[in-house]
Amino acid sequence: MSTTGQLPKFPAPAAAGPSPRTLTTTVPKEYVHKTALSEVLLTSWQETAPDVHTVTAEWPRAHTFYSSRNRLHDPLLLIETIRQTIPLLSHLAYNVPFGHQLIWDHFTYSLVPEALRTETAPTEIELRIACSDIKRRKDTLSALTMDVEATRNGVHLGTAVARFTSHAPAIYRRLRGEYSDAREAMARAVPLPPPVAPHRVAREQFESVMLSPTDTRNRWQLRTDTTHPVIFDHPVDHAPGMLLLEAAHQAVHAALHPMEVIPVGLSTVFTRYAELDAPCWIEATVLGRPEAGAGKMTKSGSETEAGTGPETGARAATGAADSQAEVPARVPSRVPVEVPIEDTAGDTPQTDDDGLIHTRVTALQNGHELFTARVTARPLESVTGRDS
């Protein structure tokens, strides 16, 4: 496999008879850091201007994990598509050698849920990516920010901003210390706790549930299943970012249950690694409910009066701990069997002027905050036009 940054070229056959004018293929799985070819979503890449790229992808009608629901693609498919562009562009456009570790710093996305509708054929996606704030260490990429615009057949699908850092193997080993060996880290993973009921987190199978119930409302233990064929496609030394983002989405579904919603936006900064050898706790607060202590929601989604005000932008983490706030551990002594919680009168979440519900999701481990995500969701009925 070449590491010079050149994607192998596949010439199209001559247009003769019924043959197609071009052939569709996926990019090599090594460029998106997948071991299973079936998990590769990206189909092509080209640089259209300095630090501006176009990447195409194809979404299957039915993914084994990011499954469609109510004839809508899973929003995590968009996130995974963007995640795959991080190693692709790193290796092809910025000559990052294979073996370097690429770590998310911050991530934000917003999408139009109506554009997620499934059809009889696979969905063709195009990403237009502008790269900026490019940092290098000894002529090797060390950090980069991607601004992404996603379209589906020319129709606006969503936008995203992702920043990641790149670490040479020796630097990463020093950074991670005793956790640097992925296989050893996975061998020390905590036992898998029981899942919540799949329907509470908008999933159909127990194997797809990333949350385990606790005796505190809207608080769960993260289920880190190191045998999961999609999330743990290959050995890693910490909980992958896609696992944490999936857990954040599932926490929103669980906190708003029985209301059915679809997440349409998220903003987070990753401040610590989620280790595999200690329990990780996921907490959700639905902003706008009386117990959330939030003030009136404005159209922009920021909190006023008793709230905290809008976010002021992403902070660079790069694996450092200087900006991490310590919080009480509040670790439950046991993991109880799930007991359904009935919604009380007046507990209906408030929506902003755009009909969006705002939820804050926080991940905690060993008394430290790993990330706090602001997730926006839309009632599913308003998207599908029917009672789901």
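Numbers for residues simply follow the sequence, beginning at 1.
- The backbone N or O of Asp74 sits nowhere less than 3.5 Å from a side-chain atom of Arg69 that would complete a donor-acceptor pair.
- The cationic atom of Arg203 (NZ for Lys, CZ for Arg) lies less than 6.0 Å from the six-membered ring centre of Phe65 and within 45° of the ring axis.
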Stepwise side-chain contact (heavy atoms from CB on, under 4.5 Å) check, Thr118 with Thr123: CA-CA 7 Å; Thr118 58; Thr123 301; 5.9 Å; no
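- Side-chain atoms of Thr351 never come within 3.5 Å of backbone atoms of Ile357 as a donor-acceptor pair (strictly under, hydrogens ignored).
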CA sep, side-chain torsions, deciding dist, call: Arg183, Asp181, salt bridge (Lys or Arg N to Asp or Glu O under 4.0 Å): CA-CA 6 Å; Arg183 296 188 184 278; Asp181 188 293; over 6 Å; no
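- Between the side chains of Tyr179 and Asp277, at least one donor N or O lies within less than 3.5 Å of an accepting N or O.
- Side chains of Trp59 and Thr81: a donor on one and an acceptor on the other come within 3.5 Å.
- The neighbour count for Glu204 CD, taken as heavy atoms of other residues, nucleotides or ligands under 6.0 Å away, does not exceed 12.
- Looking at heavy atoms from C-beta onward, Glu126 lies in side-chain contact with Thr54 at the 4.5 angstrom threshold.
- We find that Arg152 and Glu114 are not joined by a salt bridge, their nearest charged nitrogen and carboxylate oxygen being 4.0 Å or further apart.
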Audit row: Trp220, Val196, side-chain contact (heavy atoms from CB on, under 4.5 Å) steps and yes/no: CA-CA 9 Å; Trp220 307 269; Val196 302; 3.8 Å; yes
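- Rounded to the nearest 0.5 Å, atoms CD (Gln84) and NZ (Lys34) are 6.5 Å apart.
- Across all their heavy atoms, Ala57 and Thr43 have their closest contact at N-OG1, 3.6 Å.
- Nearest heavy-atom pair, His167 versus Tyr172, reported as atom, atom and distance to 0.1 Å: CB-CB, 4.1 Å.
- Listed for the Asp233 side chain is a donor-acceptor partner under 3.5 Å among the backbone atoms of Ala36.
- Remark: side-chain polar atoms of Asp237 are not paired, donor with acceptor, to backbone N or O of Ser180 under 3.5 angstrom.
- Side-chain contact check for Tyr66 versus Leu78: every heavy-atom pair is 4.5 Å or farther apart.
- Shown here are the salt bridge (charged side-chain N to carboxylate O under 4.0 Å, His left out) partners of Asp139, two or more places apart in sequence or in another chain: there are none.
- By the 4.5 Å heavy-atom criterion applied to side chains, Thr151 and Arg128 are counted as neighbours.
- Taking NE2 from His249 and CD1 from Ile262, the interatomic distance works out to 9.0 Å, rounded to the nearest 0.5 Å.
- With a 4.5 Å cut-off on side-chain heavy atoms, Val161 and His106 count as touching.
- Heavy-atom minimum distance, Pro193 versus Ser212: CB-OG, 3.4 Å.
- Gln365 approaches Cys280 most closely through the heavy-atom pair NE2-CB, 3.9 Å.
- In the model, Ser132 has no side-chain atom that pairs as donor or acceptor with a side-chain atom of Thr145 under 3.5 Å.
- Residues Leu116 and Leu77 fail the side-chain proximity criterion, which asks for heavy atoms closer than 4.5 Å.
- By the 4.5 Å heavy-atom criterion applied to side chains, Arg272 and His238 are not counted as neighbours.
- Distance CG/Leu243 to CE/Met210: 6.0 Å, rounded to 0.5 Å.
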Criterion side-chain contact (heavy atoms from CB on, under 4.5 Å) on Arg374 and His358, from CA distance to verdict: CA-CA 7 Å; Arg374 179 70 169 264; His358 299 256; 3.6 Å; yes
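- Rounding to the nearest 0.5 angstrom, the gap separating the NE2 atom in His100 from the CG atom in Asn95 is 11.0 Å.
- The aromatic ring centres of His199 and His257 sit less than 6.0 Å apart.
- Residue Arg83 holds its CZ atom at 11.5 Å from CZ of Phe164, rounded to the nearest 0.5 Å.
- In this structure the side chain of Thr224 reaches within 4.5 angstrom of the side chain of Phe232, judged on heavy atoms.
- Pro75 and Tyr109 get closest at one heavy-atom pair: CB-OH, 4.0 Å.
- Tracing side-chain contacts under 4.5 Å through hydrophobic residues (I, L, V, M, F, W, Y), one reaches Leu127 starting from Leu76; they form part of the same cluster.
- Atoms CZ and CD1, from Arg163 and Ile86 in turn, are 11.5 Å apart once rounded to the nearest 0.5 Å.
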Pair Ile82-Ile129, side-chain contact (heavy atoms from CB on, under 4.5 Å): steps then yes or no: CA-CA 10 Å; Ile82 294 169; Ile129 304 171; over 6 Å; no
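- Across all non-hydrogen atoms, the minimal contact from Val261 to His253 is O-CE1, 3.0 Å.
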Ser44/Thr56 under side chain to side chain donor-acceptor pair (under 3.5 Å): CA gap, chis, key distance, verdict: CA-CA 5 Å; Ser44 73; Thr56 61; 2.4 Å; yes
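- Formation of a donor-acceptor pair under 3.5 Å by the Thr214 side chain with backbone atoms of Arg219 is found in this model.
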Derivation and outcome, salt bridge (Lys or Arg N to Asp or Glu O under 4.0 Å), residues Arg176 and Glu275: CA-CA 10 Å; Arg176 296 291 288 140; Glu275 308 296 357; 2.8 Å; yes
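- A donor atom on one side chain and an acceptor atom on the other are found under 3.5 Å apart for Glu39 and His63.
- Counting heavy atoms from C-beta on, the side chains of His53 and Leu88 never come closer than 4.5 Å.
- For the pair Glu178 and Arg188, the salt-bridge criterion is not met [side-chain N within less than 4.0 Å of a carboxylate O].
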